[in-house]
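Worth saying up front: this structure is predicted, and the values here are computed from it rather than measured.
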Amino acid sequence: MVSPALAPDDVVNAATIDDSIAYLKSKHPDAVADDEREGYSGVVVEASKLLKVARAIRDDLGFDYLSSATAVDYLGAGDHMEMVYHAYRTSGGGALVFKAQTERENPEIPSLVPVWRGADFQEREAWDLYGIKFPGHPNLRRILMWDGFHGHPMRKDWREAYYEEELKPFDNRWPGGHVHRSEEKNVFGKNVTYPPDIDLNRLMDTSESEVYASLGLGVDVERILDKDGFETNELVVNMGPHHPSTHGVFRMVLTVDGETVTSLEPVMGYLHRNHEKIGERNTYLHNIPFTDRLDYISSMGNNHGYVLAVEQLMSLGRKYNPPTYRCEAIRVMMVELSRIVNHLWAIGFWLNDIGAFFTPVLYFIQERERILDFFEAVAGSRMMCNYMRFGGLFGDLPERIKSVSNLTNDRIRDYNTMQFLTEMVNERIPRTIDELEQLLTQNEILLERSIGVGILSADDAINYSAAGPLLRGSGVAYDVRRADPYSIYPELDFDVAVEEAGDMYARYRVRVTELRESVRILKQILPRLEATVGESIWADGKPGAYAPRVPFGEAYGRVENGKGELGYYLVSAGGRGGSSNPWRYHVRAPSFINLTPMGLMSAGYKVADIVGILGSIDIVLGETDR
């Protein structure tokens with residue numbers, strides 16, 4: 001039940017989302033209205049009043065954490081552009097969803113960077129891919145595409161060079177199977193569109209002066225002048241994109257004074273493949289294996305977030321049945337094992353970055369390989385698992401974990417599955433964590449390199465929308481599994497790992513604690529698996545539809561992945577019977593958003609510290625660039 005309209009003096013009573021919306025409507029009656037579209041939630045805010053309303057959401061109502069900012073193009077379905085924002089309280093609770101709309105021609109929406117710095121990269125992404133301008137943004141430049149790119153590739157009227165059809169399955173693939181590909185019908189060299197002001201016959205290479213100037217580094221690359229026009233000793237240095245410690249194809253532009261970094265700007269997009277456009281071409285089911293390719297260290301968690309979002313949409317229909325208890329227990333087991341793999345990998349490669357070259361990570365890889373053995377036995381794949389389904393799973397746990405002989409003297413694996421899990425959870429993984437702590441936690445070199453380096457305060461971590469160990473290592477006890485619980489996490493006993501210092505060492509300690517907490521969760525899952533033997537892993541007792549029809553509406557499914565909050569914003573805009581393809585498919589990627597405070601965390605430290613600071617954030621470029 002919605003409470004009566006709240007007066008400003010009563011804001012402390014706006015505990016629920018409905019109360020918060022009622023307060024906003026009472027304080028800004030001309031600017032805030034309910035989103036009355038079928039299957040939608042939250043409020044629509046008049047764009048000209050967005051900043052004022054956003055400050056009320058943060059300051060009056062306490063929604064201090066802007067999790068996600070998503071652009072949507074409603075070409076042919078309202079013919080407008082829309083920004084969708086999900087704000088949360090770090091004290092816990094659900095999302096306050098608010099939206100701002102603008103016309104498709106010359107779209108403009110005020111920047112929310114003055115309210116939440118975490119909107120910075122997300123607004124740049126919306127400008128880059130949708131062409132929405134954000135007046136008030138401090139550095140509105142492309143972020144995933146290059147500056148000379150023509151057009152905005154996520155708009156519904158944009159066509160790629162080898163465009164075939166709007167939606168899959170393509171007619172020439174299914175059902176007849178008379179396959180041809182568009183590349184065969186496009187003459188090489190005639191398949192690219194250039195801006196109208198470019199003459200290829202007169203195209204000349206230029207220096208990167210404009211690129212560097214756009215990064216707001218405060219120096220002139222050609223003459224190295226400070227803001228007052230005086231020549232300085234500062235240098236502009238590129239670290240990456242082909243640097244062994246940038247965790248993929250990633251570039252950082254540093255301004256250095258001697259060995260001290262004075263400013264840093266991340267430059268990304270080298271691995272961008274328009275993941276979300278492909279996701280909108282795909283059917284809902286096609287996207288499950290596609291999510292594996294984001295953070296490929298944590299594909300089980302990627303699957304989980306996506307199927308939760310689709311299940312939210314499906315629950316708007318009349319025939320939806322939620323997953324069975326056994327299905328939920330297996331899902332939680334898989335994502336907690338993925339968290340262990342993620343953190344072992346994150347700590348190992350972070351140690352590479354600060355100089356312990358490969359010895360620690362090779363110790364950790366032993367237990368990771370055993371976990372991947374289990375994934376392979378259950379899902380059929382070690383990394384790209386493609387395991388979860390809407391309302392169920394690809395398959396139940398096998399009775400035994402077996403391997404086949406490829407060579408004459410191969411040793412054959414043949415274990416009872418529950419015995420294998422019990423030994424791994426109760427003995428092997430805890431022993432690995434103990435060894436890790438014994439070797440590293442009081443290691444004087446690690447302490448010297450990491451304590452007091454790469455500091456991010458609690459207030460800045462919240463303001464910059466940091467997530468995962470980066471946020472909790474700054475003293476903010478915010479974990480989606482506790483703050484906004486999903487699956488069977490409410491009934492599981494575990495603590496949120498948190499450290500106060502905000503430096504690299506604090507983030508390391510958070511990951512070690514989370515390893516132990518994941519083992520604690522897994523020990524509670526094992527008896528649940530024993531108790532549900534024989535129960536179906538499918539909501540209706542049988543596999544779900546190959547191409548489910550998803551009802552009208554929007555959904556935001558989010559999970560606490562190893563790197564932080566992974567969210568999927570989906571819009572279904574099909575006919576009365578539902579849609580087989582998402583109208584909007586957006587990934588709230590923690591590896592992308594956690595880079596927003598990288599410049600703040602690096603200023604004042606040495607060049608040698610930069611790769612360590614980056615490693616302590618823990619990114620995967622497949623997820624960063626999408």
_Residues which pass side chain to side chain contact (heavy atoms under 4.5 Å, CB included) with E369, listed by chain and number, not counting sequence neighbours_ = I365, L372, R382

*Partners of D257 by side chain to side chain contact (heavy atoms under 4.5 Å, CB included), sequence neighbours excluded?*
N233, E234, T262

*I would like to know whether M601 and Y464 meet side-chain contact (heavy atoms from CB on, under 4.5 Å); could you show each step before the answer?*
CA-CA 11 Å; M601 296 162 61; Y464 278 82; over 6 Å; no

Charged N to carboxylate O below 4.0 Å: is that the case for [X] and [Y]?
{"X": "R472", "Y": "E499", "value": "no"}
{"X": "R58", "Y": "D64", "value": "no"}
{"X": "K156", "Y": "E280", "value": "yes"}
{"X": "R626", "Y": "E125", "value": "yes"}
{"X": "K563", "Y": "E514", "value": "no"}
{"X": "E276", "Y": "R584", "value": "yes"}

*Parallel, tilted or perpendicular: which describes the rings of F98 and Y85, with under 30° parallel and over 60° perpendicular?*
parallel

*Mind checking whether H86 and Y88 have parallel, tilted or perpendicular rings, split at 30° and 60°?*
parallel

*asked:* Could you go through S68 and R558, starting from their C-alpha distance and side-chain angles, then the distance that decides it, and tell me whether this counts as side-chain contact (heavy atoms from CB on, under 4.5 Å)?
replied: CA-CA 10 Å; S68 177; R558 63 178 190 148; over 6 Å; no

*Ignoring hydrogens and geometry, is there a side-chain-to-backbone donor-acceptor pair from W583 to D73 under 3.5 Å?*
yes

*Kindly check if the number of other-residue, nucleotide or ligand heavy atoms within 6.0 Å of NZ (K277) is above 12?*
yes

*Can you tell me if OH on Y270 sees more than 12 non-hydrogen neighbours from other groups inside 6.0 Å?*
yes

*asked:* Out of the candidates V335, I347, L515, D618, only one should pair with N342 under the side-chain contact (heavy atoms from CB on, under 4.5 Å) rule; please name it.
replied: D618

_Using side-chain contact (heavy atoms from CB on, under 4.5 Å), reason through R141 and I143 one step at a time and then give a plain yes or no._
CA-CA 6 Å; R141 305 283 298 190; I143 191 167; over 6 Å; no

*Evaluate the side-chain contact (heavy atoms from CB on, under 4.5 Å) criterion for residues M252 and V267: first the C-alpha distance (whole Å), next the side-chain angles of each, then the deciding distance (0.1 Å), finally the verdict.*
CA-CA 6 Å; M252 294 174 285; V267 181; over 6 Å; no

Between [X] and [Y] (judged by ring centroids, cut-off 6.0 Å), do the two rings come close enough to count as a pair?
{"X": "H80", "Y": "Y74", "result": "yes"}
{"X": "F290", "Y": "H275", "result": "yes"}
{"X": "W127", "Y": "H137", "result": "no"}

*Taking T291 as the fixed residue, which of N303, N386, N302 is the one that meets the side-chain hydrogen bond (donor to acceptor under 3.5 Å, both in side chains) rule?*
N303

